[in-house]
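Reminder, nothing fancy here: chain letters follow the sequence lines and each chain counts from 1. The figures here come from the full heavy-atom set of this structure, side chains too, leaving out hydrogens, waters and symmetry mates. Source: prediction; values computed, not measured.
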Amino acid sequence: MEKKIFIGAAWPYVNGDLHIGHLAGYLIPCDIFSRFSRLCGYETLMVSGTDCHGTPITLEADKKGVKPQDIVNEYTPKIHYLIKLYDISFDIFTATLTENHHKITQEFFLRLLKNGYIIKQKTLQYYSPLENKFLPDRYVEGKCSFCGAEGQRADQCEKCGRVLEPGQLINPLSNLTKKPVILKETDHYFLDYSKLQDKIERYVRENKHWKYWVYEETISWLKEGLKPRPITRDLDWGVKIPDQEIPETLRLEGSENKRFYVWFDAVIGYFSASVEWANKNNRDWREFWQNENCYHYYFMGKDNLIFHTIFWPGQIIGQEMNLNLPYFPCVNQFLFLEGQKFSKSRGIIIDSIEIGEKYGIDEVRFYISSILPENKDSDFKWKEFEQKINGELVDNLGNFIQRVLIFYRDKLDNRLLNKEIDNEIKNKIENTYFKVRKKLERCEMISSLKMIFELIKEGNKYLEKNEPWKKEKKDSEKIIFNSLLVIVNLSYLLNPFLPHFSKNLRKMINLEEINYQIGKDQFKINFEEIEKIKIADYQPLFRKIKL
RNA sequence: CGCGGGGUGGUGGAGUAGGACCACGCGGGUCUCAUAAGCCCGAGACGCCGGUGCAAAUCCGGCCCCCGCAACCA
């Protein structure tokens, strides 16, 4: 049976513009991986969408005095534009607002309920008598009962760092109305992870190929022991609880004012988006979700780690439907800007759309790819951005291509009679494919890119060593033939990283755009296309940038 | 002492006991097919303190710093 790849990229909240941290954290890595997978000939399904629920959205709405829906409407088009701009190869990019998603989330819940993984539990929550509703922790502030700091949020004191439980705030106020709030009992569903602990643990221990720190972090959570985790909260924005389908004795008190917790519904989006894709394309979601030859890759930032290595696998296992579990969670650390955390309020931010439009998509993709926070936090530096683009993209790659193509066109009249393969070059290209494939299978993007640039360097050395400009025509043809071999293969090797470059280069040398044909492995040395190379109008592929 | 991950030239990485390596950047030289590009040479580093070893970036102990779990946030 044919190997398939499923790719789930984290779902961005629609409560603000996306900055380059989002690009580095999951959008660019997942796109590199998806293009690589497609080049290898695997049928690939890549899904994501906007996460429209949760307190980040309602907070933003309350701050602006509008409805959550207005916030969603404001930011959704911008995110869609960004994805199109950077050519992120999603097969579907949907939203958690869809009817399909709400229905499937409810079905997930009902199956967990039926299978005995859901329990009801009462907890104490802050309640505003004035507004007649429960308030999430982030809406309540007061004095910390440990250190006495004023104006602290109900979940944690910033001053002393202590995590606060309900009731540990003195004189709690609603930060919407600034009126007092009280503690009141409230009824919620919990997903009882203690019942899933053994199965999750067995699953995790079978996956020692994860990044070391991802595996260790997950194991440390398991060692502490999993506890029931609330899946509903008192909020009027989100997926409703399907009361009609719940036996009366199991219903929640006041459930019409409760919604599923955003962590619970957001990850189900990976599945619901797949179903939506299947329906729209007349396909069967089981090909990707109930298929032992389908490997599931997920891309996210480290704050999402545990949701993808424990909570989401638990939700899947609890379905008891034999659904595919995550095979490789590609977790990235964080990207900083000149040593500081991104912060909208302090103006430490680079808007993904602005930088792409100003300096070029592949330019940004290239720099970000070379500094991805794969195993530890990394830093975006403007100076380095300029240096890397000018030094590597332009001087190394762009110039190599230009010196070969111009020579081929002007000195050899777009024709080669001597097509003798130089084994040294052939081996270097084959070796690069081999090593890059190994690396990309493990989502090691930085070192893959580095290896490809080593090949380009070899190309420049090859020209320097053989000096075609000093040779007789027959000899210089051989040198240029082998240099063109490098160039054609760069259009494949670099395709996952720099799709526009790959497309533009191929167009310029009279080759058709790469077609990701299912079942055909194109991630290997290609000799045939050199015959077809003709250069009419030469245009430099990269230009130096100046900040 | 809450738990987990991390700290190697200016920058980013490789290296789990025996010559500290690679890329970019920097300094110098050189070719001229090419986008003042290319190629060659050079300088420059193991967070701090202590321990074990013939020998420590690597093993052990203590400390400091950064990040996540857990703020506007991937």
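In this structure, NZ of Lys376(A) is placed 5 Å from P of G7(B), rounded to the nearest angstrom. Regarding Trp221(A), its CH2 atom lies at a distance of 15 Å from the P atom of G5(B), rounded to whole Å. If you take NZ of Lys450(A) and P of C21(B), they are 14 Å apart, rounded to a whole angstrom. As rounded to whole Å, 12 Å separates atom P of U35(B) from atom CG of Leu405(A). Straight-line distance from the CG atom of Leu397(A) to the C1' atom of A34(B): 13 Å, rounded to whole Å. Note: CG (Leu393(A)) to C1' (A23(B)) measures 14 Å, nearest angstrom. Residue Asn460(A) contributes atom CG, which lies 11 Å from atom P of C24(B) at whole-angstrom precision. Note: CZ (Phe334(A)) to P (C66(B)) measures 16 Å, nearest angstrom.
Across the P atoms, A14(B) and G47(B) are found 14 Å apart, a figure rounded to whole Å. Nucleotides A56(B) and G51(B) are separated by 12 Å at their P atoms, to the nearest Å. A gap of 14 Å separates the P atoms of G15(B) and U8(B), to the nearest Å. To the nearest whole angstrom, the two P atoms, one in G13(B) and one in A71(B), are 24 Å apart. Spacing between C33(B) and C73(B) at atom C1', rounded to whole Å, works out to 50 Å. G38(B) and U11(B) are spaced 23 Å apart, taking the P atom of each and rounding to whole Å. Nucleotides G18(B) and G25(B) are separated by 32 Å at their C1' atoms, to the nearest Å. Spacing of C1' atoms, C60(B) relative to U52(B), comes out at 7 Å, to the nearest Å.
Remark: Gln402(A) is in phosphate contact with U35(B), judged by side-chain N or O atoms under 4.0 Å from OP1 or OP2. A close approach under 4.0 Å does occur between a side-chain nitrogen or oxygen of Lys457(A) and OP1 or OP2 of C24(B). At the phosphate of G12(B), neither OP1 nor OP2 sits under 4.0 Å from any side-chain N or O atom of Lys388(A). For C40(B), one of the phosphate oxygens OP1 or OP2 lies less than 4.0 angstrom from a side-chain nitrogen or oxygen of Lys461(A).
Relative to the side chain of Glu467(A), the nucleotides C31(B), C3(B), A37(B) differ in distance, and C31(B) lies closest. Counting only heavy atoms from C-beta on, Lys381(A) has its side chain closest to G12(B) among G5(B), G12(B), A37(B). If you check U35(B), C67(B), U32(B) against the side chain of Phe336(A), the one that comes closest is C67(B). When each of A23(B), C67(B), C33(B) is scored by its nearest atom to the side-chain atoms of Lys302(A), the top-ranked nucleotide is C67(B). For Phe542(A), taking side-chain heavy atoms from C-beta onward, the closest of the listed nucleotides C33(B), C69(B), U35(B) is U35(B). Listed nucleotides C73(B), A34(B), G5(B) differ in distance to Trp213(A); the shortest reach to its side chain belongs to G5(B). Nearest to the side-chain atoms of Lys470(A) among the listed nucleotides C73(B), U11(B), U32(B) stands U32(B).
The nearest heavy atom of RNA chain B to Lys411(A) and to Ser370(A) marks one nucleotide each, and the one closer to the 5' end goes with Ser370(A).
Residue side chain Glu217(A) does not reach the base of G5(B) through any donor-acceptor N/O pair under 3.5 Å, judged by distance alone. Side-chain atoms of Asn399(A) come within donor-acceptor range of the base of A34(B), with a qualifying N/O pair under 3.5 Å.
Residue-level contact check: Ile310(A) touches neither bases nor backbone, having no heavy atom under 4.0 Å from any strand. Counting non-hydrogen atoms under 4.0 angstrom, Asp410(A) reaches nothing in the nucleic acid. Across all strands shown, Glu60(A) has no heavy atoms under 4.0 Å from either base or sugar-phosphate atoms.
By the 4.0 Å N-to-carboxylate-O rule, Glu444(A) lies close enough to Arg442(A) to be salt-bridged with it. The pair Glu354(A)-Lys358(A) fails the salt-bridge criterion, with no side-chain N (NZ, NE, NH1 or NH2) lying under 4.0 Å from an Asp/Glu carboxylate O.
In Tyr538(A), the OH atom is crowded: over 12 heavy atoms of neighbouring residues, nucleotides or ligands sit closer than 6.0 Å. Enclosure of atom NZ in Lys503(A) is not indicated, since only 12 or fewer non-hydrogen atoms of other residues, nucleotides or ligands lie within 6.0 angstrom. For Lys383(A), the NZ atom sits in a loose shell: 12 or fewer heavy atoms of surrounding residues, nucleotides or ligands are nearer than 6.0 Å.
C39(B): Watson-Crick or G-U partner is G29(B), with both key distances under 3.5 Å.
Taking the O4'-C1'-N9-C4 or O4'-C1'-N1-C2 dihedral as appropriate, G53(B) has a value within 90° of 0 and is therefore syn.
Side chains of Ser89(A) and Ser34(A): a donor-acceptor N/O pair is present below 3.5 angstrom, by distance only.
Using cut-offs of 30° and 60° for the angle between ring planes, the Phe385(A) and Tyr367(A) rings count as perpendicular.
Among Leu440(A), Ile88(A), Leu498(A), Asp87(A), the single residue meeting the side-chain contact (heavy atoms from CB on, under 4.5 Å) criterion with Arg35(A) is Asp87(A).
Residue ring and nucleobase are stacked for Trp469(A) and C33(B), with a centre distance beneath 5.5 angstrom and an angle between planes beneath 30°.
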